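From a predicted model like this one, the values you see are computed outputs, not experimental measurements. Ligands are counted one by one from 1 in listed order, and the atoms in each one are counted from 1 as well.
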Amino acid sequence: MTTKKSAAKTAVEAKSTDAKTSKLVVSDAGKEIDFRLDQHGEYEFGGPFGVLAIMTGFPALMYYLWICLWFYDGQLVHPNSLEEVKPFLAQMWAHICKDANPSLYAWKVYGGNVIFQLLLAMVMPGFKQEGLPVPSLGYKTLIYNCNALYCMYATMVTATVLHTTGLFRLTEIIDNFGHLMTVGMIFGISIPFGAYFFAVATGTQMRMSGNFIYDVFMGAILNPRIGPVDLKMWAEVRVPWVIVFFLSVSGGCKQYEELGYVTPNMAFMILATWLYLNACGKGEECIPQTWDMYHEKWGFMVIFWNFAGVPFSYNYSVVYMSRHDPSDYRFSTPVYVFMFGTLLTAYYIWDTANSQKSRFKMQTQGINTFRKSFPQLPGGTVKNPTFIQTAHGNRLLTSGWWAYSRKPNYVADWIMSFCWGAIIGFATPIPYFYSMFFITVLVHRVGRDFERCSAKYGKDWERYCEVVKYKFIPGVY
Ligand code: NDP
């Protein structure tokens, strides 16, 4: 069995792979494996029928949950007999037509934000980050202009001006939730088709199965770009988390207007969503090192989730609070202390775990000076890291949080998602949708990820799993 000591020993050997820069060198065998991983293998997500079910089922589920929350006090309404099915569906449809139609106003607000975010991404200065070598581009690296943080501050200033001058009241966001959600869905459904046809027309498609609907779902293009803007990274950071944060701010403004104060629960959601948005900005240079960037293509799975899924299903607690009296979800002071303490602890682990792995990966590329943006947390870089040198050429970190679990970032992220629902108590299960859905996504993602790593690293992956025994929670699982 490989011990941490012997793994540390391989670190010395690894440094000699490229004496000048200590850069990652992919072996010929590694290149062969990368080539194989870039071909379409087995169908995932249940194949064409599975993905079709997801593509139709998710929008329907989002409408259902919104209707229950908006009109039925968060209760999961359903027909009680077969005879009731038709009138029930008619009732649901009536709610959608009246309160979730894609109104002109919603087009202006949602579309305006998308265009504004795209323009900001194009013009704002940013930190230039080199991505990982892309096997399908002959191991060329792409440069990412990481300006999300400046864009976030610019958006916050703009929103404050719009709100205080009365040009656009932020309370309008939560009041138009249904309409905005539908417009988000239209974006989330149409862009994947556009991206697919663009990729095919320009010959930039890769890892294709040949099944149209499956390829639209998984995506065809890996690195869609408009000038300096990497659309996949832009859409992952600038669209969903900006909306999620401003939905919380909108809920806070509404409470302030109606009650004269903001409840600690709403303040919790504003803080929690801001932390997430800010983390995406301040650690944006780490995102090119994530799986979504270097492996997942830009298809429905990613796009729908960025444009509609995340913005309109992660924040149900804010929707609940904006339609209920604070006495329905008030906690005692110790519970508030516990909730804020849990959120901040989970955030710390999540932030530093992601940073440790990304910075370790950057170091293997010869990047040793890191960007410093607010807030820099202690422990974000592992000094003298231990790792397993794989025959592929890549290295697997075995210290920091990564010494205890193979997915410390997922565990901390999930705890935060649970807090986002728990902040309104147990009056309705709907705000827990995010954490329930997220655990399913993470478990499925872990399966796909470990399968890919096992194919990529073979015996070295087994060795890594022996050194870092637990998948999620040390000592438990
Ligand atoms: P990881 O950051 O865990 O990345 C997995 C990849 O990292 C592996 O495929 C492998 O790739 C590499 N890797 C795994 N272990 C090690 C190691 N010990 N040392 C070095 N490299 C390693 O997962 P994701 O990219 O999926 O997620 C990033 C973050 O985004 C997470 O915090 C996650 O919670 C969050 N997220 C949030 C979502 C949301 O909706 N809120 C949705 C999805 C993700 P290789 O070896 O090929 O480099």
Option set [options], criterion heavy-atom distance to [atom], minimum:
{"atom": "atom 3 (O) of ligand 1", "options": "Glu296, Met293, Arg395, Lys407", "value": "Lys407"}
{"atom": "atom 19 (N) of ligand 1", "options": "Leu132, Asn409, Leu397", "value": "Leu397"}
{"atom": "atom 10 (C) of ligand 1", "options": "Tyr457, Tyr294, Phe450", "value": "Tyr294"}
{"atom": "atom 7 (O) of ligand 1", "options": "Arg452, Glu451, Lys357, His392", "value": "Lys357"}
{"atom": "atom 40 (O) of ligand 1", "options": "Trp305, Tyr276, Tyr314", "value": "Tyr314"}

Are any of the N/O atoms in [X] less than 3.5 Å from those in ligand 1?
{"X": "Arg445", "answer": "yes"}
{"X": "Tyr464", "answer": "yes"}
{"X": "Thr290", "answer": "no"}
{"X": "Arg406", "answer": "no"}
{"X": "Lys361", "answer": "yes"}

Could you pull out every donor-acceptor pair under 3.5 Å between side chains of residues 50-70 and any protein atom, sequence neighbours left out?
unit_1: Thr56; atom_1: OG1; unit_2: Leu52; atom_2: O; d: 2.8
unit_1: Thr56; atom_1: OG1; unit_2: Ala53; atom_2: O; d: 3.3
unit_1: Tyr63; atom_1: OH; unit_2: Thr182; atom_2: OG1; d: 2.7
unit_1: Tyr64; atom_1: OH; unit_2: Val77; atom_2: N; d: 3.3
unit_1: Tyr64; atom_1: OH; unit_2: Val77; atom_2: O; d: 2.6

Inset, instruction - Specify whether the nearest protein heavy atom to atom 32 (O) of ligand 1 is under 4.0 angstrom away. - result: yes
Inset, instruction - Using only heavy-atom distances, determine whether the side chains of Trp401 and Thr352 contain a donor-acceptor pair under 3.5 Å. - result: yes
Legend entry - Donor on one side chain, acceptor on other, Arg406 and Tyr464, under 3.5 Å: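 Tyr464 and Arg406 do not have a side-chain donor-acceptor pair below 3.5 Å.
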Could you label the plane-to-plane angle of the [X] and [Y] rings as parallel, tilted or perpendicular, counting under 30° as parallel and over 60° as perpendicular?
{"X": "Tyr434", "Y": "Phe438", "result": "tilted"}
{"X": "Phe312", "Y": "Phe177", "result": "perpendicular"}
{"X": "Tyr276", "Y": "Trp420", "result": "perpendicular"}
{"X": "Tyr314", "Y": "Trp305", "result": "perpendicular"}

Legend entry - Other residues, nucleotides, ligands: >12 heavy atoms within 6.0 Å of Phe49 CZ: no
Any [X] heavy atom less than 4.0 Å to ligand 1:
{"X": "Trp241", "answer": "yes"}
{"X": "Phe438", "answer": "yes"}
{"X": "Tyr434", "answer": "yes"}

Inset, instruction - Could you tell me the residue and atom name of the protein heavy atom closest to atom 27 (O) of ligand 1, and the distance to it rounded to 0.1 Å? - result: Tyr410 CE1, 3.7 Å
Inset, instruction - Provide, to 0.1 Å, the distance between atom 36 (N) of ligand 1 and the closest protein heavy atom, together with that atom's residue and name. - result: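 For atom 36 (N) of ligand 1, the nearest protein heavy atom comes out as Asp413 OD2, 3.8 Å.
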Identify every side-chain donor-acceptor pair in residues 214-221 under 3.5 Å, counting partners at least two apart or on other chains, and give the distances.
unit_1: Tyr214; atom_1: OH; unit_2: Glu44; atom_2: N; d: 2.8
unit_1: Asp215; atom_1: OD1; unit_2: Ser209; atom_2: N; d: 2.9
unit_1: Asp215; atom_1: OD1; unit_2: Ser209; atom_2: OG; d: 2.9
unit_1: Asp215; atom_1: OD2; unit_2: Ser209; atom_2: N; d: 3.3
unit_1: Asp215; atom_1: OD2; unit_2: Ser209; atom_2: OG; d: 3.4
unit_1: Asp215; atom_1: OD2; unit_2: Gly210; atom_2: N; d: 2.9

Inset, instruction - Tell me, with the steps shown, if Gln363 and Phe370 meet side-chain contact (heavy atoms from CB on, under 4.5 Å). - result: CA-CA 10 Å; Gln363 284 169 329; Phe370 307 116; 3.7 Å; yes
Legend entry - Shortest non-hydrogen separation from Asp292 to Lys232 and the atoms involved: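 Closest heavy-atom pair between Asp292 and Lys232: O-NZ, 3.0 Å.
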Inset, instruction - Considering the heavy atoms of Asn354, write down every atom of ligand 1 situated less than 4.0 Å from one of them. - result: 29 (C), 31 (C), 32 (O)
